[in-house]
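These notes concern the structure reproduced below.
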Amino acid sequence: MKTSIIGFPRVGELRELKFATEKYFRKEISAEELEAKGKELRTKHWQLLVDQGIDFIPSNDFSFFDTTLDTAVLLNIIPEKYQALHLSPLETYFALARGYQGKAGDVTALAMKKWFNTNYHYMVPEIDDDTKLKLVGEKIFTTFNEAKEVGVVTKPTIIGPFTLLKLSTYHGSKQASDFYEDAITAYSQIFAQLAELGCEWLQLDEPALVLDLSLAEVKQFKALYQKLLAKKGNLKILMQTYFGDVRDVYQELIDLPVDGIGLDFVEGRKILSLLEDYGFPNDKLLFAGIINGKNIWKNDYQATLTLLEKLQPYGDIVLNTSCSLLHVPFTLGNESLLSTDVTNYFAFAVEKLTELNDLKQIVENKEDNQDLLNANITLFEQQRFSENEQVAQQIKALTEKDFIRLPELEKRAVIQEDKLKLPILPTTTIGSFPQTKEVKLNRAKFRKGEIAETEYTAFNQEKIAACVAFQEKIGLDVLVHGEFERNDMVEYFGESLEGYLFTEKAWVQSYGTRCVKPPIIWGDVSRSNPITVAYSKYAQSLTDKPVKGMLTGPVTILNWSFPREDISLRESTLQLALAIQEEVLDLEANGIEIIQIDEAALREKLPLRQTDWHSEYLDWAIPAFRLVHSKVQPTTQIHTHMCYSEFSDIIQDIDNMDADVISFEASRSNLDILDALKAIDFRTQVGPGVYDIHSPRVPSVEEIETTIYNILNKLPIEKVWVNPDCGLKTRGVPETEASLKNLVLAAKKVRGGV
Ligand code: GLN
Ligand code: ZN
């Protein structure tokens, strides 16, 4: 029996890649130095995989920003405007990823979207009728060689053509299938070159196969691969799927002349029954995704062994992760604050390699490895923590009334208008202001006990005062305190709630150089003390303008935490909702008139298949949000905020959250969502982001004005707010100040002009 993984966290054990890349962005290191760092990390990771006994070791899963972007660039899917900058390949690559503003020109970045149901984001390739898809890049070959040079024959990975072309956006009249012929040529050249370099296996990632596919798409997929695989020569192809089951294409998939098929037994609810119903060809290797690549809990060996027994009839099996380990932190090895009573239950990326190896040993020789198995069985038999009776009671006592806010939205709008007296097109921000070095240092010092709480708080208050003063000066209408006390919008709440555990170094890449450190839901969640009240109250005391209280909503807290696996997500979310409800009511009682409850990640755990959307998710996620704000006064204005994703298809559910105002990311996806809002006559007031904060570029007043007018073409002016598309914490101070000034000026000009 062999072991494999789909991909490894490339950012490095201590986020080395992030820091090197950021240094490169700041021009503190050269392109060569960045390349050298990449090479060093790749080599280190391959060695680690070798040491852990992994048989199929991936290459080309490394990326300086995103592997979908890498694949686009490899295949010449680079819109003309980036090519016209005539930058070096690396600079062009980063221009696509982050936008570019400099001597060579001024371009915005490609759109960024959530990668299936994860918190990782990919860059959306842009294709127009003139795009000439062809093999122009080298990375997949050079990294294969690089590994070979250090004695590791890897299994290169690349996004397959079906997924790549399905995830791309098309600006002309051509569609995905119009590029199949070119894709076949390009991928077959990749096959040939890899074979020549001595490559045995190539992993083609086709996660799009777990989506709902139309009959036409299934046909296209089949035709595409029949042609492509005819050209595979001696190379062995592993068709790798993940994030669910492949019920719409299973039969077509097993009929293809591939050499291995990777299936996800963790998230793929129907995989086993597909195997049972349709069998699995014995001329192919089954790469069984049995180790969860998305969560941090140890594998239940006994349960996995039972599953593996069921798989016995299907021939040789390779033990695999369910998806790339990119989605879990690097190693438990750096967690010094958590006791082993706790860490015993966890497995991060490195520890998951051990699990693969353990399972392999146990399967191959149960007798000699009985101890390994017994230790794991004992762990799963123990009670981990004592339950919180009170929370259980509260949830039991909930009735329908608890999920409904009265009076209804339109009536509240009138009451709030009267109270808040905001101008038309009110301006605001999403909450956070730049997290400068000294802001982070202040938190770090406090955490390490180097400064007293009074000193820590005094610093934050100074920052809040300056932030409020700046917002007043430039004329924003609804202010924020700036979130200087928060490292991360979820971790901050996790740290303040009972039932949570947090880590020191357990970072996971979110996009590019941005990493997050999701807290872990360990037990029942409850709130024992107010969390945000003091700073919000302080900020409000400095100004007559309303300052928004700033909270993270229950669904986002859940989606950006590592969830429990012993109770349902619904149950965990209701526990969180009750805790945040207490915070909302405390803010209100302390004079905060506007409260924003961020649901940045609402869409993230939306099941990939539409048939499951309501029954498995929205039917409890939307009510959980309503539970949080259902008890506030009519005068209290509830805002929410959501980022990058497609909202159009769940737009009615978003309206049903019954917030008074919602702001969302839209600038990178070209405000497409406005049509959806208009189509359902969206009731909630909206602030579609008028500029992209994920790029350091400063939008001009004219540019923002045009965007506002575009919005007003679609939405009634009395419902529109003007704001950036997300929080400003990742931005520098100069560009933030310049951008916000322009935003306020643009709003004022439009107000004057309408
Ligand atoms: N209020 C948060 C902030 O501004 C929202 C962040 C987010 O949407 N990801 O940082
Ligand atoms: Zn956001």
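Start at 1 and go down the list; that is how both ligands and their atoms are numbered. Residues: numbered from 1 along the sequence shown.
- Scanning for side chain to side chain donor-acceptor pair (under 3.5 Å) contacts around S739 gives an empty result, with sequence neighbours left out.
- Angle NE2 (H641) to the Zn ion (ligand 2) to SG (C726): 130°, rounded to 10°.
- Counting heavy atoms only, H641 comes closest to atom 8 (O) of ligand 1 of the residues R486, H641, E483.
- With 3.5 Å as the limit, one finds no donor-acceptor pair spanning the side chains of Q610 and D649.
- Counting heavy atoms only, M489 comes closest to atom 9 (N) of ligand 1 of the residues M489, M642, E599.
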Requested in this report: Check step by step if salt bridge (charged side-chain N to carboxylate O under 4.0 Å, His left out) holds for D106 and R697.
Outcome: CA-CA 9 Å; D106 183 356; R697 186 173 175 271; 2.7 Å; yes
Which pairs of donor and acceptor atoms, one on a side chain in residues 539-547, lie under 3.5 Å apart (sequence neighbours left out)?
residue	atom	partner	partner atom	Å
Q540	OE1	V547	N	2.9
Q540	NE2	T543	O	3.3
Q540	NE2	K545	O	2.9
S541	OG	Y538	O	2.5
T543	OG1	E472	OE2	2.6
T543	OG1	K545	N	2.9
K545	NZ	L476	O	2.8

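- Backbone and side-chain nitrogen or oxygen atoms of I430 are examined, and one is located within less than 3.5 angstrom of a nitrogen or oxygen of ligand 1.
- Side chains of T552 and D598: a donor-acceptor N/O pair is absent below 3.5 angstrom, by distance only.
- At a 4.0 Å heavy-atom cut-off, ligand 1 touches S432 through backbone and side chain alike.
- Some N or O of K729 is nearer than 3.5 Å to an N or O of ligand 1, by distance alone.
- Of the heavy atoms in M550, only side-chain atoms (C-beta onward) come closer than 4.0 Å to ligand 1.
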